[in-house]
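Nothing fancy with the numbering, it's 1 onward along the sequence. No hydrogens, no waters, no symmetry mates; every other heavy atom, side chains included, goes into these values. Fair warning: this is a prediction, and the values are worked out from it, not measured in the lab.
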Amino acid sequence: MSAALFAWPGQAAFHRVLPKNKIYTYAKPSAAVKELFVRQVEQIVWQYKLAPETIHLPATKSVPEIQIFSLALKTESLSREVLRCIDRAVQFPIIFELKFDGKTQLAACYKRPNEADRSKWVCSEYFSTDWFNNDSERVPLPTALDLGGLYEQLLKVVMPIAVRKREPLADLVARVEQIHLKQREADQLATRLGKEKQFNRKVELNSKLRQLKNELASLTTENTERHGNG
């Protein structure tokens with residue numbers, strides 16, 4: 001499934017404004033993160049609650065419910081620390097709809113219970129789609145047998161790379177994080193290469209950069225099943 005906005009089921013509507021103070025109470029953010037909320041977020045609305053009683057899909061141990069949060073933004077750019085803070089405060093997986101200037105973007109991390117302490121949650125880095133016009137056609141939810149399967153399908157849509165055939169979600173997330181890490185390394189290396197004056201060092205850095213680019217190519221290609229926002 002290509003990246004798109006979803007037509008969230010009407011029977012799952014929750015539509016509760018969530019005061020920022022409520023988030024602060026549970027997540028206990030630093031003063032710097034609170035300042036990000038003030039500068040970047042206009043309003044947080046708990047829009048939908050995808051649960052067995054609302055959409056008639058059974059829960060799984062890792063995904064008892066999926067929450068859909070809508071964030072009206074004051075700026076197009078949103079610090080991922082804001083999303084991480086909300087995820088810390090809410091003990092369920094969340095899909096975010098970020099709204100700014102007539103456009104909407106989906107964002108989410110891969111959130112799963114901590115193996116050692118199932119009362120705590122582990123969050124990956126955050127992934128997001130491109131921006132869609134608010135009047136873009138919304139598509140039905142992906143087909144799934146349970147909430148765990150639905151969460152996996154929703155997350156695959158926000159991924160920035162193509163999904164490999166039969167690739168487990170955890171492997172896909174690890175691959176995306178590896179790509180981002182290597183891309184940062186390649187960017188830093190390219191900057192160093194541009195400043196380097198010594199010929200021998202330039203040759204050495206160039207060789208490392210080529211190797212990194214080959215590793216990136218192997219991480220981003222191979223047989224694919226569906227795309228995120230690529």
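Few gaps surround NZ on K20; more than 12 heavy atoms of other groups in view lie less than 6.0 Å from it. Environment of CD in E53: crowded, with over 12 heavy atoms of neighbouring residues, nucleotides or ligands closer than 6.0 Å. Within 6.0 Å of CZ on R192 lie no more than 12 heavy atoms contributed by other residues, nucleotides or ligands. The neighbour count for K22 NZ, taken as heavy atoms of other residues, nucleotides or ligands under 6.0 Å away, does not exceed 12.
In this structure, L205 belongs to a hydrophobic cluster whose other members, linked by side-chain heavy atoms under 4.5 Å apart, are L189, L193, L209, L212.
Looking at K202 and E196, no side-chain N of the basic residue comes within less than 4.0 Å of a carboxylate O on the acidic one, giving no salt bridge. Salt bridge present: E97 and K99 bring a charged side-chain N and a carboxylate O closer than 4.0 Å. Under 4.0 Å is where a charged nitrogen must lie from a carboxylate oxygen, and between K208 and E185 no such pair does.
Relative to the ring axis of W131, K103 does not place its NZ or CZ within 45° and under 6.0 Å from the centre.
For the pair E177 (side chain) and S124 (backbone), a donor-acceptor distance under 3.5 Å is absent. Panel note: side chain N133, backbone D135; no donor-acceptor pair is recorded below 3.5 Å. With hydrogens and angles disregarded, a donor-acceptor distance shorter than 3.5 Å links the side chain of D146 to the backbone of G149.
Under the rule for a salt bridge (Lys or Arg N to Asp or Glu O under 4.0 Å), R112 has no partner lying at least two apart in sequence or in another chain. Partners of E76 by salt bridge (Lys or Arg N to Asp or Glu O under 4.0 Å), not counting sequence neighbours: none found.
Hydrophobic clustering, with ILVMFWY side chains joined whenever heavy atoms are under 4.5 angstrom apart, groups I66 together with V173.
The two residues P9 and I55 come nearest to each other via the heavy atoms CG-CG2, 3.7 Å. Of all the heavy atoms in C109 and L155, the pair that sits closest is O-CD2, 3.5 Å.
With ring centers used as reference points, Y48 lies 6.0 Å or more from F69.
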> Stepwise, does the side chain to side chain donor-acceptor pair (under 3.5 Å) test hold for S79 with R39?
Replying inline: CA-CA 10 Å; S79 168; R39 279 195 285 112; over 6 Å; no

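Between F37 and Y24, the ring planes are perpendicular. Angles over 60° get that label, and only those under 30° would be called parallel.
How far CZ of R164 is from CG of L172: 9.0 Å, rounded to the nearest 0.5 Å.
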